[in-house]
Amino acid sequence: MNTSTPSEPPKGDRIAKVLARAGVASRREAERMIEAGRVSVNGAQIMSPALNVTASDQITVDGKDVSAPEPPRMWLYHKPVGLVSTDRDEKDRQTIYDALPEDMPRVMSVGRLDINSEGLLLLTNDGGIKRKLELPSTGWLRKSRVRVNGRPEDKTLEPLRRGLTIDGERFQPMTVTIDRQQGANAWLTVGLREGRNREIRRAMEAVGLAVNRLIRVSYGPFQLGELKAGEVEEIRRKIVRDQLGLELADDSGTAAKKPRTLQRPQRKKPNRPQKR
């Protein structure tokens, strides 16, 4: 634990950053865990994230030791419809984390897809990577194939290309192209550089279109490709290093030759008293 005098530069890194690097949680989530009294350093409970720690400090979360951080890793995951992207859901719906293989390390999703959306989600074991890729300043284009009910014309979509305001919330301009008309529906390709809650669905509703299918096909340089729904595949560490500008002590790790299919476990239903 940092014991420097005020005149000395603090040694080590902020505790929330260390927890994020260890894959415990994002930095913001780690700060909340600290304020909730769930974190101890060298046997002493801490309540404030304003603390620097070094490799010699022993950190525990909920009484369990926090291991040294692994090298940054990333995975491609084809999220199916019907899963939520949060680690806990107040409605007890199944999350993506319920479906991940048991041998996966603790990971966090980069951004989210709502329960009715499918396609590419990036997963990482590193909170710093998560935060970096979610920042609008990173500027990575996220492309989705979107099916809408109706026969949209370019003039219908022009407000999306200019950027629009919905309920006081400003949406940045999107790239929108009409791919084909298929009966009563049209397929569009939509690109955006920020990820607000249900952004595409809300923007389409604002111009009178209802989305009935949404598949994210890319996030920056990473592509969904041929990955099937429910499959996960690790990105080669060299690619992670090159795309994110990281310096990795070991970039020899590679993805598995074949993606793994995620098996949804049977969830135990809570015992409820029988009605009489």
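Counting begins at 1 with the first residue of the sequence.
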Shortest non-hydrogen contact from Arg145 to Val217?
CG-CG1, 3.7 Å
Could you state the interatomic distance from CH2 (Trp75) to CG (Leu100), rounded to the nearest 0.5 Å?
9.5 Å
Surrounding CZ of Arg201 (heavy atoms of other residues, nucleotides or ligands, distance under 6.0 Å), is the total greater than 12?
yes
May I ask whether Ile96 and Ile115 are part of the same hydrophobic cluster, defined by side-chain heavy atoms of I, L, V, M, F, W, Y residues being less than 4.5 angstrom apart, directly or through others?
no
Let me confirm one number: the CZ-CD distance from Arg162 to Glu158, rounded to the nearest 0.5 Å.
5.5 Å
Salt bridge (charged side-chain N to carboxylate O under 4.0 Å, His left out) against Glu194, all qualifying residues, sequence neighbours excluded
Arg196
Do you know which two heavy atoms are closest between Lys132 and Leu244, and how far apart they sit?
NZ-O, 2.8 Å
Step by step, work out the side chain to side chain contact (heavy atoms under 4.5 Å, CB included) result for Ile59 and Val24.
CA-CA 11 Å; Ile59 305 169; Val24 173; over 6 Å; no
Interatomic distance, Met74 atom CE to Ile235 atom CD1 [nearest 0.5 angstrom]
4.5 Å
Show me the pairs that pass salt bridge (Lys or Arg N to Asp or Glu O under 4.0 Å) and involve residues 118-129, at least two apart or across chains.
Arg21-Asp126, Glu118-Arg213
Which of Arg198, Glu199, Lys79 passes side-chain contact (heavy atoms from CB on, under 4.5 Å) with Asp114? It is Arg198
Please round to the nearest 0.5 Å and tell me the distance separating atom CG of Leu122 and atom CG of Leu76.
6.5 Å
Taking every heavy atom of Ala184 against every heavy atom of Asn149, the minimum-distance pair comes out as O-ND2, 3.5 Å
Once you round to the nearest 0.5 Å, how far does CG of Leu113 lie from CG of Leu121?
4.5 Å
Can you list, pair by pair, the side-chain donor-acceptor contacts under 3.5 Å of residues 221-228, counting residues two or more places apart and other chains?
none

List, by chain and number, the other hydrophobic cluster members for Val211, where Ile, Leu, Val, Met, Phe, Trp and Tyr join if side-chain heavy atoms come within less than 4.5 Å, directly or indirectly.
Val146, Val148, Leu157, Leu160, Leu164, Ile166, Phe171, Met174, Val176, Ile178, Leu188, Val190, Leu192, Ile200, Met204, Val207, Leu209, Leu214
For Arg73, what residues pass the salt bridge (charged side-chain N to carboxylate O under 4.0 Å, His left out) criterion, not counting sequence neighbours?
Glu70, Glu234
Shared hydrophobic cluster for Tyr77 and Met104 (ILVMFWY, side-chain gaps under 4.5 Å):
yes
To the nearest 0.5 Å, tell me how far Ser56 OG sits from Asn42 CG.
7.0 Å
Results of side-chain hydrogen bond (donor to acceptor under 3.5 Å, both in side chains) for Glu31 - residues two or more places apart only
none
Compare every heavy atom of Glu134 with every heavy atom of Ser109, then report the nearest pair and how far apart it is.
O-OE2, 3.6 Å
Neighbour count >12 (heavy atoms, 6.0 Å) for atom CZ, Arg106
yes
